[in-house]
Amino acid sequence: MAMRAYRELTGDEKAVWDCFDAVFDFRPSMHRYPAITEPTPSVTWRLNGLEDDPEYARLDRLVEVMHAGFTALAGAGSILCLDWQHPSYRVWPSLIGPENIDPPGQPGWPLSPYPDGDYYIYLAEDFRFGTFGHPWELSLCVFGGDLLHLVEADLHDILGKVMRRGGRPVTV
């Protein structure tokens, strides 16, 4: 029998947004950046270089690297995928694949780490690692030592120059 690899957060589970707001001091804005207090350790990259990728090879690689990192750290457990002002999800990365059926009936992840028009947030259930994608700054903050250890070198190759480390601007 096929299993669902993710499901929409409902009812009291939506309180995760209140926790996220409190822990990260979320301040949505089209003009003030960053929109969260970026934790330590964290690294934030600009994503605007992906716009010059006509075949989406680098974007596909970014998504692949991040999903692999989440899968490795979650093990058999779940992570949260939050989409501001839209449905959010609990995801079991180890179950994602063609053998399992996911809403709306297609295998795969419910969201991309790339913030396509809205804030996309991936979080460990205990908030110890994750990503924060900012759609207007066009940036991706990756936080948590374990996640950074798994993905930082690949993301540097894909995205290039770092904007911030631990919420502080990086100067050349």
Would you give the length of the straight line joining atom [atom1] of [X] to atom [atom2] of [Y], rounded to the nearest 0.5 angstrom?
{"X": "R90", "Y": "T10", "atom1": "CZ", "atom2": "OG1", "answer": "9.0 Å"}
{"X": "L159", "Y": "R61", "atom1": "CG", "atom2": "CZ", "answer": "11.0 Å"}
{"X": "L111", "Y": "D116", "atom1": "CG", "atom2": "CG", "answer": "10.5 Å"}
{"X": "W45", "Y": "K161", "atom1": "CH2", "atom2": "NZ", "answer": "14.0 Å"}
{"X": "C19", "Y": "D126", "atom1": "SG", "atom2": "CG", "answer": "12.0 Å"}
{"X": "T71", "Y": "I96", "atom1": "OG1", "atom2": "CD1", "answer": "6.0 Å"}

message: For I36, is there any backbone N or O sitting under 3.5 Å from a side-chain donor or acceptor partner on R27?
response: yes
message: Check whether Y120 reaches the backbone of G117 with its side chain - one donor and one acceptor, N or O, closer than 3.5 Å.
response: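 Not a single qualifying donor-acceptor pair exists.
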Would you say [X] and [Y] make side-chain contact, with heavy atoms under 4.5 Å?
{"X": "V91", "Y": "F70", "answer": "no"}
{"X": "H134", "Y": "F132", "answer": "yes"}
{"X": "T37", "Y": "V23", "answer": "no"}
{"X": "D118", "Y": "H86", "answer": "yes"}
{"X": "M163", "Y": "V170", "answer": "no"}
{"X": "Y122", "Y": "F129", "answer": "no"}
{"X": "W109", "Y": "H67", "answer": "yes"}

task: If the plane angle is over 60° it's perpendicular, under 30° parallel, otherwise tilted; pick one for Y89 and Y6.
output: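 Because their plane-to-plane angle is over 60°, the rings of Y89 and Y6 count as perpendicular.
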Distance-minimising heavy-atom pair for [X] and [Y]:
{"X": "A124", "Y": "L80", "value": "O-CD1, 4.5 Å"}
{"X": "S88", "Y": "W17", "value": "OG-NE1, 3.4 Å"}
{"X": "G133", "Y": "P135", "value": "O-CD, 3.7 Å"}
{"X": "R7", "Y": "W92", "value": "NE-CH2, 3.9 Å"}
{"X": "L47", "Y": "L62", "value": "CD2-CD2, 4.3 Å"}

message: For residues F127 and V43: do they belong to one hydrophobic cluster (side chain heavy atoms under 4.5 Å, members Ile, Leu, Val, Met, Phe, Trp, Tyr)?
response: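 Looking at the clustering, V43 is in a separate group from F127.
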side-chain hydrogen bond (donor to acceptor under 3.5 Å, both in side chains) partners of S78, counting only residues at least two apart: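 For S78, the residues satisfying side-chain hydrogen bond (donor to acceptor under 3.5 Å, both in side chains) (neighbours in sequence not counted) are E125.
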field: Residues that D12 engages under side-chain hydrogen bond (donor to acceptor under 3.5 Å, both in side chains), provided they are two or more places apart
entry: none
- prompt: Under a 4.0 Å N-O cut-off, is there an ion pair linking K14 with E8?
  reply: no
- prompt: Got more than 12 heavy atoms from elsewhere within 6.0 Å of CZ, R164?
  reply: yes
- prompt: Ring centres of F26 and Y119 under 6.0 Å apart?
  reply: yes
- prompt: Quick check, are the ring centers of F20 and W84 under 6.0 angstrom apart?
  reply: no
Pairs of donor and acceptor atoms involving the side chains of residues 139-154, under 3.5 Å and at least two apart or interchain, shall be tabulated with distances.
| unit_1 | atom_1 | unit_2 | atom_2 | d |
| --- | --- | --- | --- | --- |
| S139 | OG | E137 | OE1 | 2.7 |
| E152 | OE2 | R165 | NH1 | 2.9 |
| E152 | OE2 | R165 | NH2 | 3.2 |

query: Is there a side chain to side chain contact (heavy atoms under 4.5 Å, CB included) between E38 and T44 once you walk through the steps?
result: CA-CA 9 Å; E38 295 175 337; T44 303; 2.9 Å; yes
- request: With P113 as reference, evaluate V63, L155, I121 under the side chain to side chain contact (heavy atoms under 4.5 Å, CB included) test and give the passing residue.
  value: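 In the set V63, L155, I121, the residue that makes a side chain to side chain contact (heavy atoms under 4.5 Å, CB included) with P113 is V63.
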